[in-house]
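Note that this is a predicted model, so its numbers are computed, not measured.
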Amino acid sequence: QVQLVESGGGSVQAGGSLRLSCDSTYDYSIYIMAWFRQALGKEREGVAAIDGYGAPTYVDSVRGRFTISRGKDKNTLYLQMDDLKPEDTAMYYCAADLRRRYGGNWYDPQAGWFGSWGQGTQVSVSS
C-alpha cells in the first residue's frame with residue numbers, strides 16, 4: 001500500500017519560513033502530486049501542485065511565496081513556504097495520483113484528481 005508521510009511542520013512567526021517534506025513509498029516522479037491544507041473549521045483546499053512533466057501550479061493566495069518541488073531521490077515532494085502569514089495556519093496534506101496531468105479544478109479535493117493522501121503536518125503562524 002502506498003504511503004505518503006509529511007514532515008516539517010511547526011510554529012513560526014509571520015514572515016518566517018518552513019519547508020514541508022512528503023516522503024512516498026512509491027516513485028511518483030512522473031505523476032501528479034500536490035499540497036493541500038485545511039484550516040480549523042474550513043474546507044480542505046489545494047495550495048500547490050506539480051504535474052508529471054514538472055510544471056507547477058499555485059493558488060493565488062500563495063503564488064510568489066510558496067514553491068513546490070520534487071527531490072532528486074524521486075520519492076520526495078517539498079513545499080518551501082516563505083513570508084508566512086497567520087492565514088497560512090492549517091494542517092498541510094500531501095496528495096498524489098497515477099496521472100500525468102490534472103484538470104483546472106485540481107485544487108478542489110472533491111474533484112477527485114488525487115487518490116492517495118498523507119496524514120498531514122501542522123503549520124502554525126503567529127502574528
Side-chain angles (χ1 to χ4, degrees):
Q1 184 176 355
V2 176
Q3 282 190 315
L4 300 172
V5 180
E6 303 94 337
S7 61
S11 298
V12 296
Q13 290 189 325
S17 298
L18 284 173
R19 188 175 80 157
L20 305 184
S21 299
C22 172
D23 291 309
S24 171
T25 57
Y26 188 83
D27 180 0
Y28 279 106
S29 59
I30 62 169
Y31 300 112
I32 61 173
M33 298 189 79
W35 288 97
F36 286 74
R37 68 185 179 187
Q38 187 167 16
L40 197 62
K42 295 188 176 181
E43 298 289 325
R44 189 173 297 189
E45 61 177 3
V47 174
I50 188 165
D51 68 16
Y53 304 94
T57 305
Y58 302 93
V59 294
D60 289 345
S61 60
V62 307
R63 188 175 293 111
R65 300 188 298 119
F66 290 11
T67 303
I68 189 171
S69 63
R70 299 183 192 268
K72 294 182 179 179
D73 64 0
K74 300 183 180 181
N75 286 37
T76 305
L77 180 73
Y78 297 106
L79 184 68
Q80 176 66 41
M81 305 186 296
D82 298 317
D83 190 22
L84 282 160
K85 303 177 180 182
E87 51 263 42
D88 295 318
T89 295
M91 185 72 80
Y92 283 71
Y93 299 89
C94 174
D97 205 278
L98 297 178
R99 309 172 198 249
R100 299 299 301 276
R101 294 191 187 277
Y102 41 76
N105 60 351
W106 66 268
Y107 50 84
D108 180 359
Q110 300 302 318
W113 289 104
F114 299 93
S116 296
W117 293 81
Q119 293 300 306
T121 184
Q122 178 68 38
V123 171
S124 299
V125 185
S126 59
S127 58

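- For the atom pair CZ of Arg101 and CG of Asp51, the computed distance is 5.5 Å after rounding to the nearest 0.5 Å.
- Exactly one of Ser126, Pro86, Ser127 qualifies for a side-chain contact (heavy atoms from CB on, under 4.5 Å) with Gln13. That residue is Ser126.
- Expressed to the nearest 0.5 Å, how far OG of Ser21 lies from CG of Leu77 amounts to 8.5 Å.
- Across all non-hydrogen atoms, the minimal contact from Lys42 to Gln38 is O-NE2, 3.1 Å.
- Screening Tyr107, Phe36, Trp35, Trp106 against Phe114 for a ring-ring contact (aromatic ring centres under 6.0 Å, His included) leaves a single residue, Phe36.
- With contacts defined as side-chain heavy-atom distances shorter than 4.5 Å, the pair Arg70/Ile50 qualifies.
- In this structure, Arg100 and Ile30 have side chains that are in contact, with non-hydrogen atoms separated by less than 4.5 Å.
- One finds the OH atom of Tyr28 at 7.0 Å from the CG atom of Asp97 (value rounded to the nearest 0.5 Å).
- Taking 4.5 Å as the limit, some side-chain heavy atom of Asn105 sits within range of a side-chain heavy atom of Trp113.
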Please assess Glu45 against Arg37 for the test side chain to side chain contact (heavy atoms under 4.5 Å, CB included), listing each intermediate value before the final yes or no. CA-CA 6 Å; Glu45 61 177 3; Arg37 68 185 179 187; 2.9 Å; yes
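- The CG atom of Asn75 lies 8.0 Å from the CG atom of Asp23; values are rounded to the nearest 0.5 Å.
- With respect to Asp88 and Lys85, no salt bridge is recorded, no charged nitrogen being found less than 4.0 Å from a carboxylate O.
- Atom-to-atom distance recorded for Leu79:CG and Met33:CE is 11.5 Å, nearest 0.5 angstrom.
- A donor-acceptor pair under 3.5 Å is absent between the side-chain atoms of Ser124 and the main chain of Thr89, judged by distance alone.
- The shortest heavy-atom contact between Ile68 and Pro56 is CG2-CB, 3.7 Å.
- No donor-acceptor pair under 3.5 Å is formed between the side chain of Glu6 and the backbone N or O of Thr121.
- Around CD of Gln122, the count of heavy atoms belonging to other residues, nucleotides or ligands within 6.0 Å exceeds 12.
- The closest side-chain heavy-atom distance from Leu4 to Tyr26 is not below 4.5 Å.
- Residue Tyr78 is not grouped with residue Tyr93 when hydrophobic side chains (ILVMFWY) are merged at heavy-atom distances under 4.5 angstrom, including chains of intermediate members.
- Between Phe66 atom CZ and Ser17 atom OG the span is 9.5 Å, to the nearest 0.5 Å.
- Nearest approach of Leu84 to Met81, heavy atoms of both residues: CD2-CB, 3.8 Å.
- Thr25 contributes a side-chain N or O that, together with a main-chain N or O of Gln3, makes up a donor-acceptor pair within less than 3.5 Å.
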